[in-house]
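So you know, we letter chains A, B, ... as the sequences are listed, proteins then strands, and number each from 1.
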Number of protein chains: 2
Amino acid sequence: MRNGNPDLRVIRTKESIRHALVELIEEKGFEAITVKDLTTRAKINRGTFYAHYQDKFDLMMKCEEEIMLDMSRITKQNFPSVIAALKTDPLTETPFHLTVSIFEYLNGNSDFMKAVLGPKGDLSFQTRLKKFMWETLYGNNPNALAKEENFLVPGQYLGSFTGSAITGVIHQWLDSGRKESPQEMARILTTIMVNGPLFAAGLKK
Amino acid sequence: MRNGNPDLRVIRTKESIRHALVELIEEKGFEAITVKDLTTRAKINRGTFYAHYQDKFDLMMKCEEEIMLDMSRITKQNFPSVIAALKTDPLTETPFHLTVSIFEYLNGNSDFMKAVLGPKGDLSFQTRLKKFMWETLYGNNPNALAKEENFLVPGQYLGSFTGSAITGVIHQWLDSGRKESPQEMARILTTIMVNGPLFAAGLKK
DNA sequence: CGAAATAACAAACAACCTGTTGTTTATTAC
DNA sequence: GTAATAAACAACAGGTTGTTTGTTATTTCG
């Protein structure tokens with residue numbers, strides 16, 4: 001770094017480390033990874049790792065931060081009024097197109113996402129992702145949410161139900177090889193959300 | 001142990017270790033716990049720990065196994081035909097009473113459950129719990145599930161949606177202090193399942 | 001191009017955690 | 001009471017961490 005210009009060596013090193021991280025999470029799980037594992041796999045000196053990251057947790061945090069920022073950008077820039085659209089009509093095109101965009105983004109980052117959402121991944125990231133989905137759908141003020149009068153149940157349970165459900169579907173999609181297209185996944189998710197899981201299973205009416 | 005009689009010291013030691021485990025998961029997260037942490041907190045020698053468990057993963061596994069066995073027992077003994085009941089009428093009393101029983105059991109083991117489901121908990125246990133919820137509702141044969149003709153979406157996404165959603169609601173309940181009774185939680189969960197998350201939020205019709 | 005800046009390197013370190021060893025102590029059965 | 005059995009223990013070797021050293025290689029900019 002000099003005059004704000006990035007050093008090519010830094011970029012190469014960081015890319016190498018992050019690639020090693022994804023591989024190792026899938027192989028042995030995040031908790032079992034040692035810094036030595038990462039640097040051996042990335043073919044860099046162990047001291048170099050500590051020049052860029054405090055520890056493996058710091059590395060993980062910075063990778064996750066990038067994902068969350070991207071997802072926020074997609075949501076807020078392209079679809080500023082998802083909640084409004086949902087309130088007038090949940091079947092409108094806006095929420096559907098947002099869902100397609102999210103799945104398209106996940107498709108491009110599937111390696112990392114699959115690793116951190118998998119059984120050897122990072123639980124705190126799941127929690128953040130659930131909360132993101134919750135807030136994207138119902139807004140980011142849980143107190144206001146809980147006081148909505150036309151809710152049949154407390155808002156917090158609606159939020160946790162929905163956030164977890166969406167995250168669960170995303171994980172299932174990544175884990176089973178992304179056979180469905182983002183458009184198809186958006187249709188599936190919208191169908192369950194609108195009809196409810198029991199009706200979508202043919203168990204109702 | 002001799003002639004099947006339990007040694008009082010063993011019981012004391014194990015209880016002490018498990019109590020320390022719950023405390024430490026909430027404090028620093030499972031992955032950051034060392035065996036030394038556990039034994040210091042439990043006031044036992046580190047070698048003693050290895051006499052009972054292979055490592056911290058073995059300890060965790062045995063604690064989780066107990067929970068899963070209990071939940072299976074509750075489901076299978078008292079409600080052998082939840083799926084049949086759901087197919088005839090999801091609003092029947094059987095699924096509701098099963099839900100109450102599950103929440104009552106979770107209420108009695110809330111310390112451990114809250115710890116392992118929390119952001120510093122164990123992801124593989126969440127996966128097992130989701131699968132358990134999935135199978136309890138829709139049966140334990142994913143292939144048969146995917147081939148059901150009256151499904152509006154592929155069965156695997158219905159399963160992951162529902163399993164994750166229920167687990168998410170349970171976690172929210174544990175995390176926000178279990179203010180609602182098991183009966184009230186069963187009502188909330190049943191309401192969202194039957195009506196769907198959007199209708200339950202007043203966003204539909 | 002050449003000089004200055006900076007990243008990456010190997011090596012070494014004290015501190016810590018791990019899992020195993022052989023030994024001592026406590027409990028149980030006869 | 002005593003022998004058998006199992007739990008609890010202290011000490012050890014091996015590995016990881018995070019940091020530091022002086023040195024080399026690469027990149028940036030004038």
Side-chain angles (χ1 to χ4, degrees), chain A residues 1-64 66 115 120-122 124, chain B residues 1-64 66 115 120-122 124:
Chain A
M1 181 78 78
R2 197 169 157 186
N3 277 354
N5 293 322
D7 194 316
L8 292 177
R9 290 169 296 180
V10 178
I11 297 171
R12 252 187 281 123
T13 300
K14 286 193 173 180
E15 268 183 4
S16 188
I17 291 175
R18 294 190 178 205
H19 186 249
L21 174 66
V22 170
E23 278 187 6
L24 286 166
I25 286 176
E26 284 175 340
E27 284 175 26
K28 45 161 55 184
F30 177 72
E31 57 196 305
I33 295 175
T34 67
V35 174
K36 204 189 171 200
D37 288 336
L38 286 163
T39 55
T40 302
R41 183 70 60 102
K43 293 184 182 62
I44 59 156
N45 185 273
R46 206 161 56 84
T48 306
F49 177 91
Y50 288 105
H52 293 289
Y53 304 101
Q54 277 195 349
D55 48 32
K56 66 170 182 169
F57 300 99
D58 185 47
L59 164 67
M60 193 64 159
M61 199 191 63
K62 278 167 178 156
C63 290
E64 291 175 350
E66 225 169 71
K120 291 175 182 172
D122 180 10
S124 76
Chain B
M1 181 77 79
R2 197 168 159 186
N3 275 359
N5 292 324
D7 193 320
L8 291 179
R9 292 170 302 173
V10 178
I11 297 172
R12 248 186 288 124
T13 300
K14 286 194 174 180
E15 268 183 4
S16 188
I17 291 174
R18 294 191 179 204
H19 186 250
L21 174 66
V22 171
E23 278 187 6
L24 285 166
I25 287 176
E26 284 176 340
E27 282 174 30
K28 46 162 55 184
F30 178 71
E31 58 197 304
I33 294 175
T34 67
V35 174
K36 204 193 170 196
D37 288 335
L38 286 163
T39 54
T40 302
R41 183 69 60 102
K43 293 183 182 59
I44 57 155
N45 185 276
R46 206 164 53 82
T48 306
F49 177 92
Y50 290 105
H52 294 290
Y53 304 102
Q54 277 194 350
D55 47 32
K56 65 171 180 169
F57 300 99
D58 185 47
L59 164 65
M60 192 64 158
M61 198 192 63
K62 278 169 178 157
C63 290
E64 291 175 352
E66 225 169 71
K120 293 175 180 170
D122 179 10
S124 77

Open item on the list: Considering every strand and a 4.0 Å limit on heavy-atom distances, what is the contact class for B/R12: base, sugar-phosphate, or nothing?
Closed with: nothing
Open item on the list: Once rounded to the nearest 0.5 Å, what's the spacing between atom NE2 of B/H52 and atom NZ of B/K62?
Closed with: 10.5 Å
Open item on the list: Without decimals, in angstroms, what is the distance between A/F49 CZ and C/dA10 C1'?
Closed with: 18 Å
Open item on the list: Using every non-hydrogen atom in the two residues, find where B/A20 and B/L38 come nearest and quote the distance to one decimal.
Closed with: CB-O, 3.8 Å
TODO: Calculate the interatomic distance between B/L8 atom CG and C/dT27 atom C1'; express it in whole Å.
DONE: 9 Å
Task: d(NZ, B/K28; C1', C/dC17) in whole Å - done: 11 Å
Task: Base C/dT27 paired with B/R9 side chain (donor-acceptor, <3.5 Å) - done: no
Open item on the list: Using OP1 and OP2 only, check whether a side-chain N or O of A/H52 sits under 4.0 Å from C/dA7.
Closed with: no
TODO: Please state whether the phosphate of D/dA7, meaning OP1 or OP2, lies under 4.0 angstrom from any side-chain nitrogen or oxygen of B/T48.
DONE: no
Task: OP1 or OP2 of C/dA7 under 4.0 Å from side-chain N/O of A/T13 - done: no
- [ ] Can you measure from CG (A/D37) to OG1 (A/T34) and round to the nearest 0.5 angstrom?
- [x] 3.0 Å
Can you pull every protein N or O that's under 3.5 Å from an N or O on nucleotides 15-18 of chain D?
unit_1	atom_1	unit_2	atom_2	d
D/dT17	OP1	A/V35	N	3.0
D/dT17	OP2	A/V35	N	3.4
D/dT17	OP2	A/K36	N	3.4
D/dG18	OP2	A/Y50	OH	2.8
D/dG18	N7	A/R46	NH1	2.9
D/dG18	N7	A/R46	NH2	3.4
D/dG18	O6	A/R46	NH2	2.8

Open item on the list: Output the rounded distance in Å from OH (B/Y53) to P (C/dG19).
Closed with: 16 Å
Task: Expected output: side-chain B/T40 to main-chain B/K36 donor-acceptor under 3.5 Å - done: yes
- [ ] Quick one: do A/K56 and B/E31 satisfy salt bridge (Lys or Arg N to Asp or Glu O under 4.0 Å)? Show the steps, please.
- [x] CA-CA 12 Å; A/K56 66 170 182 169; B/E31 58 197 304; 5.1 Å; no
TODO: Write down the distance between CD1 (B/I11) and P (C/dA26), rounded to a whole number of angstrom.
DONE: 19 Å
Open item on the list: Any N or O donor-acceptor pair under 3.5 Å from the base of C/dA10 to the side chain of A/N45?
Closed with: yes
- [ ] Give one of base, sugar-phosphate or nothing for B/K43, where a contact means two heavy atoms less than 4.0 Å apart.
- [x] nothing
Task: Rounded distance [0.5 Å steps], CZ in A/F30 versus CG in A/L21 - done: 7.0 Å
Task: Spacing of NZ belonging to B/K120 relative to CG belonging to B/L24, to within rounding of 0.5 Å - done: 11.0 Å
